[in-house]
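In what follows, a structure is listed as C-alpha cells, so that the remarks can point back to it.
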Amino acid sequence: MASSQMVTSIKVKRAAGFIGAYVENLDLAADLDEAIVAELRRVLLTHKVLFFRDQHLNHASHVAVGRRFGTLHTSPRTQNLPDLEGFPEILTISPQVDEKLVGANREAIFRKNWNTALSGWHIDASQVVNPPAIAILRAERVPPFGGDTHWTNLVAAYEGLSPAVRKMCDGLQAEHTFWAAHNLDSSVPAERQAMEEIGSQRVAVHPVVRVHPETGERALFVNPSRTARILGMSPVESRHLLNMLFEELTRPQYTTRFSWAPGSVAIWDNRFTAHLAATDIDHLQGEDAVRIMHRTSTRGEVPVGPDGFESYATAGQPLDEPGAQIPATAGASQR
Ligand code: SIN
C-alpha cells in the first residue's frame, strides 16, 4: 500500500537551457495528491523531460504512477520474463535481458547497420499512427559509468528554424518506418528475420510539424531513426531536407543528458521530444555493461499538423488495437 506524502508543491531545478528539469522533493511511490499530479503535468509540459533521483518504484508502483498520466499501453508482450508476469504495461529494455530472450544483444547488432551518424535519435514508436504520449523510464541496474540517455526539445528545434523554413515545413508530411535509420542486409538471416517481422508491420504518415494537443505549441515531428522520406519531394530533396532537420533537432544546445543511478526515473513528453538511448556500453563486458531499465507509456493522440492534417497509417494497426499481431521482436517494435 502506498503511503501518502505531504507535499504541497514540487521543487524543480532546471537541467539545461532548453529542456529538462530535476524534481527534487517527490516520492513517486507515494499516494500522490491530484493537485501534485496536475503540477507535475504542468512542469512536464514546460520542461518536456523530468528527472527524479533515489526513487523506490517497483513494477506495481511504476504502473500506478504511469496511470496518473493516462491510459497505459498494455500490448501483449512476448517478453517472457517471470518478473513481468502480471505487468503487461512494463517494457524491459536491457542488453542482458535481450541476450537471455533471443540469444543476442540485438540492439547493439542493429546499431552496426545505422546509416547516418544521427541514427538512434528517436521518438518512441513514431512508425505507428498513434505514438505514445508520455513515457516513464526507471533504472533498476546501470553500469558504473556510461549508459546515459539524451533528450532534445523539438519545439525549440522548430523555433530555431528561419520563418521561411518553418513555413515550408508547416505544410509537409513524412513517412515513418521502423528501419529508416538502418541498412539491413537480407542475406544475413537475423537481419532478414528482423526486416520481415517488424520492417513493414507499421508505417505511418505524420505531419512534419505537430501541434501539441495540450499546449498548442508547434514542434518538429521528425526523427533520424524512423523518418524515411518527405512526401511530394524527390528522394534527393527529401534526403537533404531531412538531414537539415535532423541536424537542427540534435543540436547540442537543445538537448540534455541524464546519467542514471539505480532508482532514477525520467518522465518525458514523447510528443515533443526525441531521445537517444545509451550507445557507449556495447563494447564493455561484465558488470560494466549491465543495464536493466523498465518503461511504461501512455496512449497518445493521432498527431495533427498546423494545417489540420491528421496522421494516418499506410501499414499496420495503431498501438494497442485489439487483435494487433505482436511479433517475436515485440520489445523492439515498441521503441
Ligand atoms: C527508450 O528508447 O525508450 C529507452 C531509452 C534508454 O534506454 O535509455
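A quick note: this is a predicted structure, and the numbers were derived from the prediction, not measured. One-based numbering, in listed order, for ligands and for the atoms of each.
Side-chain contact between Met293 and Val142 is present, with heavy atoms from C-beta onward closer than 4.5 Å.
Considering both main-chain and side-chain atoms, Arg291 comes within under 3.5 Å of ligand 1 through a nitrogen or oxygen pair. At a 3.5 angstrom cut-off on N or O pairs, His275 counts as close to ligand 1.
No close placement of the His275 and His150 rings is indicated, their centers lying 6.0 Å or farther apart. Aromatic ring centres of Phe51 and Trp151 lie closer together than 6.0 Å.
Heavy atoms of Trp268 found under 4.0 angstrom from ligand 1 belong exclusively to the side chain.
The Arg295 neighbourhood of ligand 1 comprises atoms 1 (C), 3 (O), with distances under 4.0 Å to a heavy atom of that residue. Applying the 4.0 Å criterion to heavy atoms of Thr149 picks out, from ligand 1, the atoms 6 (C), 8 (O). Under a 4.0 Å criterion applied to the non-hydrogen atoms of Ile93, ligand 1 contributes the atoms 4 (C), 7 (O).
Relative to the six-membered ring of Phe178, Arg226 meets both conditions, a distance below 6.0 Å and an angle of at most 45° to the axis.
With salt bridges taken as basic N to acidic carboxylate O contacts below 4.0 Å, one links Glu287 and Arg141.
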